[in-house]
Amino acid sequence: MVTTTYQVQGMTCGHCVSAVSAEVGAVAGVSDVQVDLATGRVTVTSDSPLDTSTVRSAVDEAGYDLVGE
């Protein structure tokens with residue numbers, strides 16, 4: 001298992017957390033997604049390292065921005 005933390009910009013409420021969790025959680029190999037609304041940190045547990053562009057696409061699909069990388 002691999003745990004990676006990403007920084008997501010634009011989340012302001014519980015709905016934001018749900019949207020990001022659902023989209024990132026749908027990425028192949030992802031087993032858990034924890035979102036900290038206060039800090040914007042999204043911690044993803046997956047079977048193997050994820051391609052950042054794949055995570056970025058999922059966050060974009062939810063309507064938010066992955067910061068960095």
Side-chain angles (χ1 to χ4, degrees):
M1 297 304 255
V2 177
T3 302
T4 310
T5 301
Y6 301 93
Q7 188 69 34
V8 176
Q9 188 173 18
M11 297 184 297
T12 58
C13 65
H15 177 267
C16 301
V17 170
S18 296
V20 170
S21 295
E23 290 296 336
V24 175
V27 172
V30 171
S31 58
D32 187 52
V33 179
Q34 297 294 322
V35 179
D36 185 331
L37 179 60
T39 63
R41 288 192 187 98
V42 178
T43 303
V44 180
T45 303
S46 56
D47 298 333
S48 60
L50 299 172
D51 188 299
T52 303
S53 64
T54 302
V55 177
R56 184 180 307 280
S57 292
V59 171
D60 285 348
E61 185 65 31
Y64 306 96
D65 297 311
L66 189 65
V67 180
E69 294 189 48

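Bear in mind that the values here come from a model prediction, so they are computed numbers and not experimental data. All values below were derived from every heavy atom in this structure, side-chain atoms included, with hydrogens, water molecules and symmetry-related copies excluded.
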Which of Val33, Leu37, Asp36 passes side chain to side chain contact (heavy atoms under 4.5 Å, CB included) with Val17? It is Leu37

side-chain contact (heavy atoms from CB on, under 4.5 Å) for Asp60 and Asp65? Distances and angles first, verdict last. CA-CA 6 Å; Asp60 285 348; Asp65 297 311; 4.2 Å; yes

Go through the steps for Leu50 and Val30 under the test side-chain contact (heavy atoms from CB on, under 4.5 Å), then give the verdict. CA-CA 9 Å; Leu50 299 172; Val30 171; 3.7 Å; yes

Assess the side chains of Asp32 and Gln34: does a donor N or O sit below 3.5 Å from an acceptor N or O? yes

How close do Arg56 and Leu66 get, heavy atom to heavy atom, and via which atoms? NH1-O, 3.0 Å

Under the rule for side-chain contact (heavy atoms from CB on, under 4.5 Å), what residues qualify as partners of Glu61, not counting sequence neighbours? Glu23

For residues Tyr64 and Gln9, report the shortest heavy-atom separation together with the two atoms involved. CB-O, 3.6 Å

Please name the pair of heavy atoms, one in Ala19 and one in Ala62, separated by the smallest distance, quoted to 0.1 Å. O-CB, 3.7 Å

Please round to the nearest 0.5 Å and tell me the distance separating atom OH of Tyr6 and atom OG1 of Thr52. 5.0 Å

Would you check, one step at a time, whether the test side-chain contact (heavy atoms from CB on, under 4.5 Å) holds for Val20 with Val42? CA-CA 9 Å; Val20 170; Val42 178; 4.1 Å; yes

Smallest separation among heavy atoms of Gly10 and Cys16, with atom names: O-SG, 4.4 Å

Take Val24 and Val59 through the test side-chain contact (heavy atoms from CB on, under 4.5 Å) and record every step on the way to the result. CA-CA 7 Å; Val24 175; Val59 171; 3.9 Å; yes

Test item: Ser31 side-chain N/O and Thr45 main-chain N/O as donor-acceptor pair under 3.5 Å: yes

